[in-house]
Amino acid sequence: MKIIDTEEISVPDSIADLARAVLIHGPVSRGELAEQLGLSLPTLTRLSRALIDRGILYEVDDLSQNTTGRPTKPLDVRPEAGYYMGVKLTGDQAIGVLTDIKANELVRLEANFMDRRVSTVHRILVKLYQDLIEKAHYASEVKALGISIGGYVHQDGTIGYASFLGWENVDLAGPLSEELGIPVYIENDIVAVAGAEHWFGLGRGHTDFSVITVGAGLGYGLVRRDRVVNTQDARLGIGTHIILDADGPTCSEGYKGCATELLTTPALLEQATAHFGHTVPFDELVTLFKEGDTFARNIFFRAGRALGRLIALVSSLALVDTFVLAGEAIELFRSTEDVVWEEINRDRKVEFTPLTILVDEGNFVAWARGAAAVAIQSSFDRLLVA
């Protein structure tokens with residue numbers, strides 16, 4: 001992720017670290033913050049007072065305490081301290097959300113595009129930005145725009161490639177930033193979702209976990225030691241052709257029984273279309289599964305076993321015991337949860353740490369919210385000096 005505006009931003013590390021810690025962990029007591037940041041309590045109190053006076057932090061009455069002494073007042077970030085926009089780009093649609101600084105969705109809009117030319121998508125994003133602001137009239141100023149995209153994004157924010165859109169070496173952020181007058185950030189969608197889950201979602205409070213997304217593509221993200229792993233390989237996408245079933249069907253690139261062929265909706269629907277002789281939408285395939293159709297049950301249970309193997313493999317190699325599952329085809333897990341767990345536990349020793357699986361039901365909105373989180377995380381320091 002890279003800021004498009006090149007204005008120099010300078011924020012003392014102690015102030016920035018404090019604000020980020022409260023944003024991620026708040027409401028949180030001053031004592032916990034002082035211990036976490038290695039600051040003395042007087043120093044932390046002085047720094048927090050400056051942020052309170054700026055309207056960024058506020059004190060929360062802790063009504064859970066039953067002590068007779070002076071009540072503590074945990075710190076939290078004011079949601080209205082800033083507004084941000086996030087957009088998830090697919091091959092034919094832009095899903096946009098306007099959020100507060102805690103990535104809470106305020107307004108959601110969707111826009112379809114008839115062609116995939118960069119100029120067309122640029123125009124639609126400008127209109128979507130304007131419509132979101134108009135609809136959320138109380139959010140008068142958007143601090144930054146984040147865009148998540150399935151594909152490879154260079155460190156400078158340019159899109160190396162986006163297969164769903166047929167793009168290569170595209171600078172979408174620069175022209176958008178110039179026209180909208182705000183910083184624009186673009187990130188690989190799985191990295192964006194991992195960041196959103198870490199700061200604002202189901203991964204909040206977990207220092208180490210993995211995100212696996214299932215849908216039009218297969219995504220794998222990792223948070224280690226309280227930071228999203230955002231290497232070049234992470235942005236390229238890995239694990240899509242890991243063999244999960246040696247007897248499974250072969251994908252278009254020649255891999256037999258790989259994760260892509262077993263777990264992505266295009267592959268599953270292609271198999272269903274070949275079997276039934278007509279186009280089968282995913283919702284219809286889910287219905288057939290629930291009605292007991294033999295083919296649908298076979299394809300779903302095979303996917304469930306593959307997902308279980310993938311989770312077990314990631315747990316063993318990345319040494320994580322918490323997983324966040326997301327994506328528009330999360331019904332694959334919901335429908336075959338028993339099979340998934342059976343496969344996970346097949347080769348796990350009783351001494352291993354039990355796994356925890358958290359399910360994000362946000363569908364495509366989770367991707368858009370992830371893009372908003374990119375904007376928040378990337379431009380947060382700017383808010384502290386505004």
Side-chain angles (χ1 to χ4, degrees), residues 88 90-91 150 164 189-190 193-194 197 201-203 209-221 237-252 255-276 279-315 322-346 355-367 370:
K88 162 63 177 174
T90 72
F164 291 119
D189 52 10
I190 184 61
V193 167
E197 297 291 1
L202 297 177
F209 65 93
S210 175
V211 176
I212 293 177
T213 62
V214 287
L218 177 72
Y220 163 63
I238 57 176
T240 54
H241 292 298
I242 290 177
I243 304 304
L244 298 175
D245 182 354
D247 297 322
T250 302
C251 78
S252 60
Y255 295 90
K256 187 175 178 61
C258 71
T260 294
E261 187 66 14
L262 297 174
L263 290 170
T264 63
T265 51
L268 297 182
L269 298 183
E270 183 179 352
Q271 296 166 39
T273 297
H275 175 79
F276 291 108
T279 301
V280 180
F282 185 70
D283 288 347
E284 182 180 334
L285 191 61
V286 172
T287 300
L288 288 168
F289 169 83
K290 292 179 178 179
E291 291 175 348
D293 178 84
T294 300
F295 176 83
R297 289 178 64 82
N298 286 342
I299 202 172
F300 264 62
F301 285 136
R302 186 170 61 196
R305 289 191 294 272
L307 182 58
R309 288 172 193 155
L310 180 61
I311 291 171
L313 182 63
V314 171
S315 177
T322 300
F323 288 81
V324 176
L325 300 185
E328 62 274 20
I330 198 63
E331 183 62 33
L332 281 175
F333 172 74
R334 286 298 191 205
S335 298
T336 63
E337 187 169 351
D338 290 345
V339 173
V340 173
W341 279 110
E342 180 181 336
E343 201 62 39
I344 288 172
N345 294 322
R346 181 182 300 278
L355 299 190
T356 298
I357 296 179
L358 308 171
V359 180
D360 189 331
E361 305 283 2
N363 206 315
F364 270 126
V365 178
W367 296 104

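Positions are given from 1, in the same order as the sequence printed here.
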**Q** Between T273 (side chain only) and L269 (backbone N and O only), is there a donor and an acceptor less than 3.5 Å apart?
**A**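 At least one qualifying donor-acceptor pair exists.
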**Q** Closer than 3.5 angstrom, by distance alone: can the side chain of T213 be matched with the main-chain N or O of L325 as a donor-acceptor pair?
**A** no
**Q** Evaluate the side-chain proximity of T287 to D283: yes if any heavy-atom separation is below 4.5 Å, no if none is.
**A** no
**Q** Kindly compute the distance separating CD (E331) from OG1 (T336), expressed to the nearest 0.5 Å.
**A**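 Going from CD on E331 over to OG1 on T336, the span is 9.0 Å.
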**Q** Output the distance between atom CZ (F300) and atom OG (S335), rounded to the nearest 0.5 Å.
**A**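 One gets 5.0 Å once the value is rounded to the nearest 0.5 Å.
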**Q** Rounded to the nearest 0.5 Å, how far does CD of E337 lie from CD1 of I357?
**A**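 So the gap between those two atoms works out to 7.0 Å.
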**Q** Is the number of heavy atoms from other residues, nucleotides or ligands within 6.0 Å of CD (E270) greater than 12?
**A** no
**Q** Mark yes or no for whether E342, through its side chain, and G308, through its backbone, hold a donor-acceptor pair below 3.5 Å.
**A** no
**Q** Quick one, T240 and Y220 - any side-chain contact, counting heavy atoms below 4.5 Å?
**A**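 Of all side-chain heavy-atom pairs linking Y220 with T240, none is under 4.5 Å.
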**Q** In Å and rounded to the nearest 0.5 Å, what is the CD to CG distance from E343 to L313?
**A** 11.5 Å
**Q** Could you check if a side-chain atom of D245 sits within less than 4.5 angstrom of a side-chain atom of R309, using non-hydrogen atoms only?
**A**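 Yes, side chains in contact.
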**Q** Run the numbers on F295 and L288 for side chain to side chain contact (heavy atoms under 4.5 Å, CB included), then give the verdict.
**A** CA-CA 9 Å; F295 176 83; L288 288 168; over 6 Å; no
**Q** Tell me, with the steps shown, if L358 and T322 meet side chain to side chain contact (heavy atoms under 4.5 Å, CB included).
**A** CA-CA 8 Å; L358 308 171; T322 300; 4.2 Å; yes
**Q** What pair of heavy atoms forms the shortest contact from V211 to A194, and how long is it?
**A** CG2-CA, 4.0 Å
**Q** Is there side-chain contact between L262 and C251, with heavy atoms separated by less than 4.5 Å?
**A** no
**Q** So how far is it from L355 CG to W341 CH2, rounded to the nearest 0.5 Å?
**A**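 The CG atom of L355 sits 5.5 Å away from the CH2 atom of W341.
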**Q** May I have the step-by-step check of side chain to side chain contact (heavy atoms under 4.5 Å, CB included) for I330 and E361, ending in yes or no?
**A** CA-CA 7 Å; I330 198 63; E361 305 283 2; 3.7 Å; yes
**Q** Under a 3.5 Å distance rule, please check whether S210 uses its side chain to pair with a backbone N or O of F323 as donor and acceptor.
**A**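 Pair absent, no side-chain N/O of S210 close to backbone of F323.
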**Q** Measure the spacing between CG of L310 and OG of S315 and express it to the nearest 0.5 Å.
**A** 11.0 Å
**Q** Run V359 and F333 through side chain to side chain contact (heavy atoms under 4.5 Å, CB included) and show every step you take.
**A** CA-CA 9 Å; V359 180; F333 172 74; 3.6 Å; yes
**Q** Do L332 and L268 come close enough that some side-chain heavy atom pair is under 4.5 Å?
**A**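 They are in side-chain contact.
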**Q** Over all heavy atoms of both residues, which pair between L218 and T264 is shortest? Give the atoms and the distance, please.
**A** N-CG2, 3.8 Å
**Q** Mind checking whether H241 and Y255 have parallel, tilted or perpendicular rings, split at 30° and 60°?
**A**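 Parallel: the ring planes of H241 and Y255 meet at under 30°.
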**Q** Within the distance-only criterion (no hydrogens, no angle test), does the side chain of E328 pair as donor or acceptor with the backbone N or O of A216 below 3.5 angstrom?
**A**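 Side chain of E328 to backbone of A216, a donor-acceptor pair under 3.5 Å: yes, one is there.
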